[in-house]
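Remarks on the structure that follows.
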Amino acid sequence: AASMDSYQRAYPFVVQLHMLNELERSWKIFFSADKRKHAQMISEWEQRISVTQPSFKIREPILNLRMHLCALDPETREEVPRHLLEIAKVARGSHRLAKSSYILLKTSMYTKSQRLVLEQAKCLWLEEKQYQAVNMLQKARTEWTESGLKKEKNSEDRLYHTKSAINL
């Protein structure tokens with residue numbers, strides 16, 4: 001029991017070290033000319049976040065740091081909405097619906113992706129606004145179909161289009 005208590009007290013400090021390490025490594029990569037290192041960094045971030053505790057208190061600061069780091073570098077700027085959506089997802093999972101809604105509103109300034117619409121619908125559903133959530137998904141599905149999503153090359157958009165159709 002004592003060792004578990006010690007682990008719980010030390011974990012926030014480990015997370016801070018994790019963040020400092022990501023800050024230092026990304027800063028070095030930003031000043032390198034090798035564009036492959038940017039993609040490798042994003043891939044490593046995916047792996048690193050998967051081994052952290054899946055709680056809002058732990059993941060939100062890490063994702064926020066990454067979002068701001070990506071905003072600084074022109075090579076990774078397109079990753080900003082993805083990190084915002086991850087923050088919204090983690091907030092929704094922790095039932096911090098006001099925070100999730102705020103982040104989704106902020107994300108809508110960057111993108112109108114299918115993933116954003118799906119996250120908004122999930123948030124509405126948890127807020128017990130099921131009618132609005134279903135309407136949002138139906139409207140988005142119609143727009144996506146009319147705009148020729150089948151021609152879309154982005155597999156992530158197809159995935160979220162399919163998920164929204166299943167949710168209906």
Side-chain angles (χ1 to χ4, degrees), residues 1 3-30 36-129 133 136-137 140 154-164 166-167:
S3 66
M4 189 59 170
D5 183 47
S6 175
Y7 173 80
Q8 291 298 330
R9 280 195 322 247
Y11 195 76
F13 298 109
V14 171
V15 170
Q16 287 178 348
L17 287 172
H18 175 117
M19 291 171 62
L20 284 172
N21 179 270
E22 286 188 3
L23 178 63
E24 180 182 17
R25 291 180 73 196
S26 61
W27 202 253
K28 288 177 185 175
I29 290 171
F30 289 164
R36 289 176 296 169
K37 288 186 178 183
H38 290 84
Q40 183 182 3
M41 176 183 70
I42 299 296
S43 175
E44 287 175 7
W45 282 356
E46 294 297 320
Q47 293 171 351
R48 290 179 66 130
I49 198 73
S50 68
V51 296
T52 61
Q53 290 179 357
S55 73
F56 181 76
K57 182 180 176 185
I58 298 299
R59 289 192 174 177
E60 190 264 343
I62 296 169
L63 292 168
N64 239 328
L65 173 68
R66 291 175 178 181
M67 185 262 308
H68 288 293
L69 288 172
C70 286
L72 292 173
D73 184 29
E75 295 295 323
T76 57
R77 201 163 284 140
E78 72 275 356
E79 294 290 323
V80 170
R82 193 172 60 80
H83 289 296
L84 285 169
L85 285 168
E86 280 299 314
I87 295 169
K89 182 179 176 180
V90 171
R92 179 179 48 82
S94 298
H95 296 286
R96 296 173 190 241
L97 301 178
K99 178 76 171 182
S100 182
S101 294
Y102 170 74
I103 296 294
L104 291 172
L105 182 63
K106 193 173 177 180
T107 307
S108 68
M109 295 184 324
Y110 293 96
T111 185
K112 302 291 182 209
S113 72
Q114 285 82 2
R115 185 173 177 199
L116 172 65
V117 173
L118 191 58
E119 280 298 321
Q120 288 172 327
K122 287 178 178 182
C123 197
L124 286 170
W125 191 272
L126 287 176
E127 291 173 349
E128 298 186 9
K129 297 177 181 175
M136 177 183 281
L137 288 173
N154 188 343
S155 62
E156 186 175 299
D157 283 347
R158 283 189 195 159
L159 171 69
Y160 288 106
H161 176 72
T162 305
K163 280 185 175 184
S164 67
I166 290 170
N167 284 337

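- Minimum heavy-atom separation, Met136 to Ala121: SD-N, 3.8 Å.
- In terms of heavy-atom proximity, Pro81 sits nearest to Thr107 at O-CG2, 4.0 Å.
- Contact record, Ser26 with Met41: CB-SD, 3.4 Å, taken as the closest heavy-atom pair.
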Handout entry: CA sep, side-chain torsions, deciding dist, call: Lys122, Trp125, side-chain contact (heavy atoms from CB on, under 4.5 Å)
Key = CA-CA 5 Å; Lys122 287 178 178 182; Trp125 191 272; 5.5 Å; no
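- Lys57 NZ to Tyr11 OH: the interatomic distance, rounded to the nearest 0.5 Å, is 11.5 Å.
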Problem - Residue pair Ile103, Glu119: steps toward the side-chain contact (heavy atoms from CB on, under 4.5 Å) verdict - result: CA-CA 10 Å; Ile103 296 294; Glu119 280 298 321; over 6 Å; no
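- Note: Thr52 OG1 to Leu63 CG = 8.0 Å, rounded to the nearest 0.5 Å.
- Heavy atoms of other residues, nucleotides or ligands lying less than 6.0 angstrom from CD of Glu128 number 12 at most.
- The side-chain contact (heavy atoms from CB on, under 4.5 Å) test with Glu22 singles out one residue from His18, Arg25, Met19, and that residue is His18.
- Salt-bridge check for Lys37 with Glu75: failed, with every basic side-chain N at 4.0 Å or more from each acidic carboxylate O.
- At a threshold of 4.5 Å between non-hydrogen side-chain atoms, the residues Leu116 and Gln120 count as touching.
- Ala91 and Lys99 make their closest contact through CB-CG, 4.1 Å (heavy atoms, listed as atom of the first residue, atom of the second, distance).
- Note that the CD1 atom of Ile49 and the CD1 atom of Ile62 stand 4.5 Å from one another [nearest 0.5 Å].
- The distance from the CG atom of Leu69 to the CH2 atom of Trp45 is 5.0 Å, given to the nearest 0.5 Å.
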Practice task
Evaluate side-chain contact (heavy atoms from CB on, under 4.5 Å) for Tyr7 paired with Val14, printing each intermediate quantity in order.
Solution key: CA-CA 10 Å; Tyr7 173 80; Val14 171; over 6 Å; no
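- To the nearest 0.5 angstrom, Gln47 atom CD is 12.0 Å from Ile42 atom CD1.
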Problem - Intermediate values then yes/no, side-chain contact (heavy atoms from CB on, under 4.5 Å), His38 and Phe30 - result: CA-CA 8 Å; His38 290 84; Phe30 289 164; 4.1 Å; yes
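- Defined by atom type and a distance below 3.5 Å, a donor-acceptor pair is present between the side-chain atoms of Glu127 and Ser101.
- Considering every non-hydrogen atom in both Cys123 and Arg92, the closest pair reads N-CD, 3.8 Å.
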Show me the side-chain donor-acceptor pairs of residues 83-90 shorter than 3.5 Å, one per line, residues at least two apart or across chains.
from  : atom 1 : to     : atom 2 : distance (Å)
Glu86 : OE2    : Arg115 : NH2    : 2.3

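- To the nearest 0.5 Å, the span separating CZ on Arg82 from CE on Met67 amounts to 13.0 Å.
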